[in-house]
Amino acid sequence: MVTQVLDVSLYLVENHYFCGMRTHTFIYTLSDPITLQVRYVGKTNNPFQRMKAHGNKARFKNTHKCNWIKQLKTKKLKPLFEIVELVPV
């Protein structure tokens with residue numbers, strides 16, 4: 001199932017531009033890789049960049065979400081990033 005979601009997500013990311021203009025934005029979730037519980041819901045125009053940014057920002061911020069990501073990193077884990085909705089802009 002994860003592969004199927006990833007394939008669909010990649011298709012959506014690659015095809016959300018029309019004539020150089022962004023036509024959609026993405027709603028995504030960050031889930032715990034052990035419990036599969038959704039821990040965060042967000043919106044982005046660039047899912048790949050946003051996925052990386054969550055990991056990078058966690059090093060410098062002291063929010064509940066960032067502390068959770070740092071805790072996962074100590075276990076050599078990452079949150080599961082899943083695109084759940086494609087929304088027209």
Side-chain angles (χ1 to χ4, degrees):
M1 174 162 160
V2 173
T3 303
Q4 184 179 13
V5 169
L6 182 59
D7 290 344
V8 171
S9 297
L10 289 173
Y11 173 80
L12 295 174
V13 170
E14 292 170 354
N15 294 290
H16 87 291
Y17 285 90
F18 179 73
C19 294
M21 297 184 64
R22 185 174 43 84
T23 58
H24 294 81
T25 193
F26 300 87
I27 307 300
Y28 67 93
T29 60
L30 294 180
S31 300
D32 188 290
I34 298 168
T35 66
L36 303 180
Q37 177 185 12
V38 173
R39 300 286 303 259
Y40 181 80
V41 178
K43 170 185 103 58
T44 185
N45 297 326
N46 187 331
F48 296 119
Q49 183 180 31
R50 189 67 188 116
M51 186 170 47
K52 286 175 54 178
H54 275 296
N56 293 336
K57 288 183 180 180
R59 294 182 296 165
F60 305 109
K61 291 190 173 186
N62 194 27
T63 64
H64 185 72
K65 176 187 65 178
C66 290
N67 289 335
W68 167 64
I69 293 172
K70 283 188 263 190
Q71 188 178 45
L72 287 177
K73 284 183 172 188
T74 65
K75 299 174 186 175
K76 306 235 186 282
L77 297 172
K78 294 184 209 177
L80 300 176
F81 185 98
E82 181 179 354
I83 296 171
V84 294
E85 189 84 33
L86 183 65
V87 182
V89 291

State the [atom1]-[atom2] distance between [X] and [Y], to the nearest 0.5 angstrom.
X     : Y     : atom1 : atom2 : answer
Leu80 : Asp32 : CG    : CG    : 7.5 Å
Asn46 : Met51 : CG    : CE    : 9.5 Å
Glu85 : Thr25 : CD    : OG1   : 11.0 Å
Lys43 : Tyr28 : NZ    : OH    : 9.5 Å

Tightest non-hydrogen contact, residues Leu72 and Lys78, listed as CD1-C, 4.0 Å

Nearest heavy-atom contact between Trp68 and Pro79 is CH2-CB, 3.5 Å

State plainly whether one hydrophobic cluster holds both Leu77 and Leu30, where clusters connect Ile, Leu, Val, Met, Phe, Trp and Tyr through side-chain heavy atoms under 4.5 angstrom apart.
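Same hydrophobic cluster.
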
**Prompt:** Would you say Ile27 and Phe48 are hydrophobically clustered, going by side-chain heavy atoms of ILVMFWY under 4.5 Å?
**Reply:** no

With a cut-off of 3.5 Å and sequence neighbours excluded, list every side-chain donor-acceptor pair involving residues 33-41.
residue : atom : partner : partner atom : Å
Thr35   : OG1  : Gln37   : N            : 3.2

Tracing side-chain contacts under 4.5 Å among Ile, Leu, Val, Met, Phe, Trp and Tyr outward from Val89 reaches none

**Message:** Within the 4.5 Å heavy-atom criterion, are Phe26 and Asn45 side-chain neighbours or not?
**Reply:**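 Side chain of Phe26 against side chain of Asn45, heavy atoms only: no contact under 4.5 Å found.
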
